[in-house]
Number of protein chains: 2
Amino acid sequence: MSQALKEAALRIFSDYGYEGASLAGIADEVGLKKQSIYAHFKGKDDLFLQVFRHSFTDELDRLRRELQHSGCLSLHDCLYGILQSYIVTYQSERRLKFCLRVSFYPPPHLYEEIDRYTGEHLQQIHELFLERFREAARAGDIGQRDPETANLAFMALVDAICIELVYSDKEKAERRMEAAWSIFWDGLRAIPTTE
Amino acid sequence: MSQALKEAALRIFSDYGYEGASLAGIADEVGLKKQSIYAHFKGKDDLFLQVFRHSFTDELDRLRRELQHSGCLSLHDCLYGILQSYIVTYQSERRLKFCLRVSFYPPPHLYEEIDRYTGEHLQQIHELFLERFREAARAGDIGQRDPETANLAFMALVDAICIELVYSDKEKAERRMEAAWSIFWDGLRAIPTTE
DNA sequence: GTCTATACGTTGATAGAC
DNA sequence: GTCTATCAACGTATAGAC
């Protein structure tokens with residue numbers, strides 16, 4: 001039941017945000033009264049933070065698996081696959097939608113804890129991708145391009161796709177991805193201009 | 001007083017969102033009681049929607065001016081200037097912060113009106129930029145690159161910078177911009193790969 | 001663990017004196 | 001136009017029966 005409540009909370013929080021979500025609505029999704037939530041969680045904040053921590057560790061795990069799984073692929077296929085995986089994940093799991101919303105607009109009274117956690121999360125993603133770009137640099141796959149620069153640009157691409165998923169739909173996100181990816185990839189392998 | 005209330009509402013809504021904002025908090029910012037708001041607006045929705053419409057038309061005006069002002073510049077300086085203008089605007093005006101938040105996470109009961117309005121807004125930005133890319137294509141500034149593709153990728157870049165402003169700060173947004181811009185610009189002018 | 005009953009604060013909103 | 005007084009509705013949270 002605890003698990004069912006957390007899943008319902010994930011749906012409600014990701015759709016309506018912390019302030020827009022009510023315990024009554026969450027309890028209702030699993031056929032309980034709102035008071036029963038207090039048998040499983042200390043309160044709204046406790047429920048929210050448990051969903052929060054679970055979602056972010058799950059999302060980091062997914063990325064690790066994604067990168068490990070594409071270890072044998074070319075840089076092109078690896079990066080392109082990661083972008084695609086965001087679109088697929090956003091469709092099939094609520095987690096990513098929740099992670100994005102709480103990253104951008106955390107409830108103010110929980111800001112400190114959330115900021116610390118998401119900061120570490122982001123840092124780990126950064127290092128995960130950076131390692132791949134360093135490897136590509138050693139293999140000569142990104143020419144004279146600085147791995148750090150490549151990484152920042154790639155993560156910008158990831159965010160741009162996620163944001164398109166948030167405010168429109170899969171189709172537009174795919175169109176944006178194709179366009180931005182083609183230019184990113186050509187730019188990554190071009191000889192850097194010194195302008 | 002109506003104007004002062006709208007400015008206070010813009011601050012509160014952009015910081016806390018629709019659900020997280022209270023009329024008491026808004027009235028307090030201008031030294032009024034919450035009941036006095038009803039002498040100027042029909043209610044919370046009316047106040048929110050007036051701020052909403054004003055913000056989006058202002059933001060579109062800003063972009064038009066920005067593009068008109070950079071009419072004589074090279075494509076490089078024009079696009080780069082637009083990116084910079086987002087960072088500057090985000091720092092000095094609340095409007096952009098509000099526009100982003102309400103675009104991504106509109107209050108559900110106002111979704112229809114907001115979606116219609118932001119959709120038109122986005123379409124006009126799209127056409128504004130596209131016209132500049134078409135001009136660049138005619139001048140041979142983007143080689144064989146399709147103006148539509150260039151435009152989609154550029155708007156992705158804009159969003160990536162805005163999102164960095166939302167969840168971190170000016171400095172990180174500037175670093176992201178420099179990295180993503182350098183690769184975007186080189187990719188835009190590279191000969192497209194047919195992979 | 002789930003329920004009913006209840007407490008208590010805050011919210012958006014209205015009525016009416018000044 | 002702004003105020004005081006007031007309201008109903010909904011929010012989170014607690015106490016106690018079963």
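Labels below follow one simple rule: chain letters A, B, ... track the order of the sequence lines, proteins then strands, and each chain is numbered from 1. All values derive from a computational prediction rather than experimental measurement. Atoms considered below: every heavy atom in the structure, side chains included; atoms not considered: hydrogens, waters and symmetry mates.
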By side chain to side chain donor-acceptor pair (under 3.5 Å), which residues pair with A:E178, not counting sequence neighbours?
-> A:Y80

By a strict heavy-atom criterion of less than 4.0 Å, which residues belonging to residues 7-17 of chain A are in contact with DNA chain C?
-> none

Just wondering, are more than 12 heavy atoms of other shown residues or ligands nearer than 6.0 Å to CD in B:E112?
-> no

Distance-only polar pair, side chains of A:E127 and A:Q123, donor-acceptor under 3.5 Å = yes

Residues at least two apart in sequence or cross-chain that pass side chain to side chain donor-acceptor pair (under 3.5 Å) with B:E131, listed by chain then number, are none

Are B:R62 and B:Y86 in a cation-pi setup, meaning NZ or CZ lies under 6.0 angstrom from the ring centre and within 45 degrees of the ring axis?
-> yes

A:A21: what forms a side-chain contact (heavy atoms from CB on, under 4.5 Å) with it, not counting sequence neighbours?
-> A:I12, A:F13

Run the side-chain donor-acceptor check on residues 156-165 of chain B: report pairs under 3.5 Å with partners two or more places apart or on a different chain.
| unit_1 | atom_1 | unit_2 | atom_2 | d |
| --- | --- | --- | --- | --- |
| B:D159 | OD2 | A:Y167 | OH | 2.7 |
| B:D159 | OD2 | A:R176 | NH1 | 3.0 |
| B:D159 | OD2 | A:R176 | NH2 | 2.8 |
| B:E164 | OE1 | B:R176 | NE | 3.2 |
| B:E164 | OE1 | B:R176 | NH2 | 3.2 |
| B:E164 | OE2 | B:S168 | OG | 3.0 |

Along DNA chain D, first and last positions that approach a heavy atom of chain A under 4.0 Å | D:dG11 to D:dT14

Got a sec, which pairs hit ring-ring contact (aromatic ring centres under 6.0 Å, His included) with one end in residues 19-42 of chain A, sequence neighbours left out?
-> none

In whole angstrom, give the distance that lies between atom CZ of B:F48 and atom P of C:dG12.
-> 13 Å

Which atoms of nucleotides 5-11 of chain C (N or O only) lie under 3.5 Å from a protein N or O atom, and what are those distances?
| unit_1 | atom_1 | unit_2 | atom_2 | d |
| --- | --- | --- | --- | --- |
| C:dA5 | N6 | A:Q35 | NE2 | 2.8 |

Through what angle, rounded to 10 degrees, does the axis of the helix from C:dG1-D:dC18 to C:dC18-D:dG1 turn between its ends, using five pairs per end?
-> 0°

Go through the structure and list residues passing side-chain contact (heavy atoms from CB on, under 4.5 Å) with B:S103, not counting sequence neighbours.
-> B:F56, B:T118

Taking only residues two or more places apart in sequence or in another chain, which ones pass side chain to side chain donor-acceptor pair (under 3.5 Å) with B:H121?
-> none

Mind checking what makes side-chain contact (heavy atoms from CB on, under 4.5 Å) contact with B:H69, not counting sequence neighbours?
-> none

Ring centroid separation for B:H54 and B:F98, is it under 6.0 angstrom?
-> no

